[in-house]
Amino acid sequence: MVTLIGLQAPILIGGAVIVEQIFVIPGMGLLLLDAISQRDYPIITGVSLVIGLCVMLINLAVDLSYGLLDPKVRYR
């Protein structure tokens with residue numbers, strides 16, 4: 001179950017970009033799409049970096065939670 005949560009995180013973040021565009025909710029997804037349409041490369045790079053870091057931190061939390069949830073997985 002924990003693995004599925006970790007795998008769904010990037011999909012949820014990508015879905016948030018689409019929802020922000022459809023409902024015109026101000027956020028990082030709308031900022032990214034506006035920057036792409038205006039070819040604003042520093043903003044595209046920054047938003048991609050933040051999204052990538054969020055995905056990496058979620059994956060780290062999933063990996064660390066394995067040791068808490070299943071004692072057989074702990075490193076000795």
Side-chain angles (χ1 to χ4, degrees):
M1 190 68 175
V2 176
T3 305
L4 293 175
I5 293 171
L7 292 174
Q8 292 295 321
I11 296 169
L12 290 173
I13 292 172
V17 172
I18 295 169
V19 169
E20 287 178 9
Q21 177 66 29
I22 292 172
F23 295 110
V24 192
I25 301 170
M28 295 207 42
L30 191 60
L31 175 67
L32 178 65
L33 292 174
D34 288 341
I36 290 171
S37 67
Q38 297 173 3
R39 297 179 190 246
D40 193 357
Y41 297 116
I43 292 180
I44 295 170
T45 304
V47 171
S48 300
L49 177 71
V50 170
I51 291 173
L53 284 173
C54 289
V55 170
M56 286 175 38
L57 288 174
I58 291 169
N59 285 331
L60 177 65
V62 167
D63 287 341
L64 292 176
S65 68
Y66 284 139
L68 296 173
L69 297 174
D70 189 8
K72 294 185 286 186
V73 179
R74 289 189 186 148
Y75 183 73
R76 295 176 197 239

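Only heavy atoms go into these numbers, but all of them, side chains included; no hydrogens, no water, no symmetry mates. Treat the numbers as computed from the prediction; the structure is a model and nothing was measured.
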For this session: Could you list who else is in I22's hydrophobic cluster, with ILVMFWY side chains joined at under 4.5 Å, directly or through other members?
Result: I18, V19, F23, I25
Anything under 3.5 Å between a donor and an acceptor, one on a side chain of residues 28-36, the other on a protein residue two or more places apart or in another chain? List them.
none

Side-chain donor-acceptor contacts of residues 54-62 below 3.5 Å, not counting sequence neighbours, with atom names and distances?
| unit_1 | atom_1 | unit_2 | atom_2 | d |
| --- | --- | --- | --- | --- |
| N59 | ND2 | V55 | O | 3.4 |

Problem set entry | By side-chain hydrogen bond (donor to acceptor under 3.5 Å, both in side chains) - contacts of T3 (at least two apart) | Y66
Problem set entry | I43 vs V47 side-chain heavy atoms within contact, under 4.5 Å | yes
